[in-house]
Amino acid sequence: MATETELSKQCVPINKIPKHSVDWVMRVLVIRKGSVISYSNTRHEGTFQTVILVDDEGTKLQATLFNKHIDTWKDFLKTNKTYYIANGLLDRVNPNYTSVHKEIELTITDNTIIRESDHVVSTHNFSNGFVSLEQAEKLPNGAIFDLLCVLVTVNPIIEKGDSKRREIVVTNELMDCTTVTLWGDFALNDGAFLEKLKDDQPILGLCDVRVSIYKGIFGISTLPVSSVLINPIFQKALDLRAWREVIKAEKKAITTTPSKVMRKATEVTLPNIMDGTLADTQGALYKFKAKIIDILNTDEPWYSSYKKCHKKVQVKQHTTTCPNCNIQNVEYEMRYYLRLEVCTGEQRARVILFDAAQMLVGCNVEEYIKTTSENKEECMYYHRLVLIKDKEFNFLVRIDMNNSNPRRSLIAQEIHAIEDEAVIIMSDESKSLTPPTNRGKKSTALERHVLEDKSPIIVEEPQNVRPRRKRSKKSNALHVLEDEAPNIVAEVQSVRLRTKRGKKSNMQQIHVVGEESPNIVEEVRSVMPTTSTSKKINNEHLQIKTKFTKVES
DNA sequence: CCCCCCCC
């Protein structure tokens with residue numbers, strides 16, 4: 001048996017292995033180990049298992065184990081660990097199936113040697129391929145890409161016949177929530193694990209997922225070759241995590257940060273809106289700053305709304321009527337209806353908030369009615385509502401043309417305290433999108449898309465929120481390289497290193513996985529910055545963010 | 001030696 005050093009010397013990057021060669025050694029990090037799947041077709045029946053590997057160059061390769069090999073290597077090829085693999089069958093990809101590598105895939109044979117390694121596989125190149133949601137949104141339907149995002153919600157699994165799916169909702173600092181549909185194994189296993197973790201709003205690295213546009217709405221789906229990385233530890237992911245920590249420290253719901261529509265809306269002044277100089281385009285949205293000077297219906301900021309037309313229903317004894325639709329016994333629900341008096345200088349206006357009232361109050365209307373009816377004076381939501389008076393807000397409104405009221409009536413679709421936005425909004429949409437490296441890799445059936453950021457408006461690159469590790473003086477070339485690229489250092493590792501003071505850790509994690517024990521949840525928690533650390537990060541982050549200048553959209 | 005990618 002070859003020693004680790006010997007194996008190490010023979011190691012070749014995946015893309016440098018000569019075609020048809022059987023004499024090679026690769027060193028790879030496992031980013032996914034799929035479930036064991038049974039199959040039966042006209043030719044064969046049996047079981048197989050798929051593993052996704054990545055090497056130092058960021059090249060991904062799919063490995064398949066069949067039948068007895070699954071059991072042989074059951075304690076090997078574990079997610080987040082590094083292995084030497086030698087003497088596998090490197091075959092051309094089957095064009096009928098998707099693959100993570102455009103040309104080759106690996107089959108584990110009787111001759112295959114697999115050995116666990118202590119080596120830390122660099123995720124530098126691998127992490128370069130990840131794009132943000134706003135970059136992903138520009139991709140055409142069907143494009144395959146790697147995404148970094150923050151998990152917001154996990155919906156229940158839906159099973160229809162043999163098909164299992166589950167929707168999760170993700171976001172990032174500049175995007176609205178986006179739905180990712182997890183299929184099969186991803187819905188069942190990864191989805192269940194994510195559900196446990198969702199309150200921590202983990203950062204997700206979704207590898208080889210696909211753009212899936214339905215009815216014009218941008219969405220994302222997993223493929224059989226996708227991988228789900230939970231809390232990846234490369235720099236891009238840490239940057240996103242730093243943003244999430246800011247939001248958490250501010251005790252804000254990640255979903256109530258200003259939406260993309262809000263950020264992109266044309267900014268006008270309240271007099272502009274009220275004097276009729278703006279084009280009366282139906283449905284046009286305008287953004288303006290104003291101070292709330294009065295809440296006109298503090299007592300009951302809601303109404304009974306017919307579920308179909310949203311107009312107010314009349315409830316008389318046991319019959320409900322929608323005067324608008326002229327129908328009786330209609331189904332209705334309570335809906336916010338908050339009327340505000342706002343002003344900018346001398347200019348006053350009335351603004352109505354329907355569902356947007358939740359952004360001010362902090363809970364849905366049912367919760368609001370319930371808690372205020374129990375004890376209004378002790379209800380935190382009521383207090384929050386009352387406290388909006390005399391504060392300045394950014395409003396996103398549409399002008400209600402159908403109102404019989406001769407005064408223009410403004411309906412707010414979104415509202416955000418200005419003090420809040422100063423913290424959250426960074427460089428707006430122009431935040432420099434770090435151009436992804438041109439990997440140019442293709443999956444078999446579908447073109448793998450690499451975004452070309454032709455003319456990025458570079459405002460200012462954020463500094464690393466985490467201090468770079470000091471360069472070790474006696475380190476060899478590889479170590480220096482790693483020190484210069486802190487994104488390849490596992491956070492789990494760095495946390496341990498900090499506590500263990502210089503003891504070499506054998507951990508190779510590039511992310512926190514959802515494979516097995518519930519201890520992993522604890523692991524995630526332990527990795528989370530402590531309050532003081534996160535405060536520090538926040539401050540640094542904040543300073544960086546406030547340095548950004550706003551650029552016209 | 002292979003489930004092929006779905007759905008709202």
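Labels below follow one simple rule: chain letters A, B, ... track the order of the sequence lines, proteins then strands, and each chain is numbered from 1.
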Could you tell me whether A:N41 contacts a base, only the sugar-phosphate backbone, or nothing, with contacts defined as non-hydrogen atoms closer than 4.0 Å?
sugar-phosphate
Can A:E103 and A:H101 be said to form a side chain to side chain donor-acceptor pair (under 3.5 Å), step by step?
CA-CA 6 Å; A:E103 286 169 359; A:H101 193 285; 5.2 Å; no
Mind checking A:E167 for me? I need base, sugar-phosphate or nothing, with any heavy atom below 4.0 Å counting as a touch.
base
Is the closest side-chain heavy-atom distance between A:I14 and A:I104 below 4.5 Å?
yes
Could you tell me whether A:E105 contacts a base, only the sugar-phosphate backbone, or nothing, with contacts defined as non-hydrogen atoms closer than 4.0 Å?
base
When we call it a touch if two heavy atoms are under 4.0 Å apart, what does A:S38 touch: a base, just sugar-phosphate, or nothing?
nothing
Within 45° of the axis and under 6.0 Å from the centre of the six-membered ring of A:F186, does NZ or CZ of A:R32 qualify?
yes
Tell me which pairs pass salt bridge (Lys or Arg N to Asp or Glu O under 4.0 Å) where either residue lies in residues 321-335 of chain A, with sequence neighbours left out.
A:K307-A:E331, A:R335-A:D355
Say whether, by atom type as modelled, one donor and one acceptor occur between the side chain of A:T59 and the main chain of A:D55 under 3.5 angstrom.
no
Parallel, tilted or perpendicular: which fits the ring planes of A:Y337 and A:F354, with parallel below 30° and perpendicular above 60°?
tilted
Report which part of the nucleic acid A:T179 touches: base, sugar-phosphate, or nothing (heavy-atom distance under 4.0 Å, all strands).
nothing
Checking all strands, does A:K160 fall into the base, sugar-phosphate, or nothing category for heavy-atom contacts under 4.0 angstrom?
sugar-phosphate
At a heavy-atom distance below 4.0 Å, which nucleotide of DNA chain B is the first touched by chain A, and which is the last?
B:dC1 to B:dC8
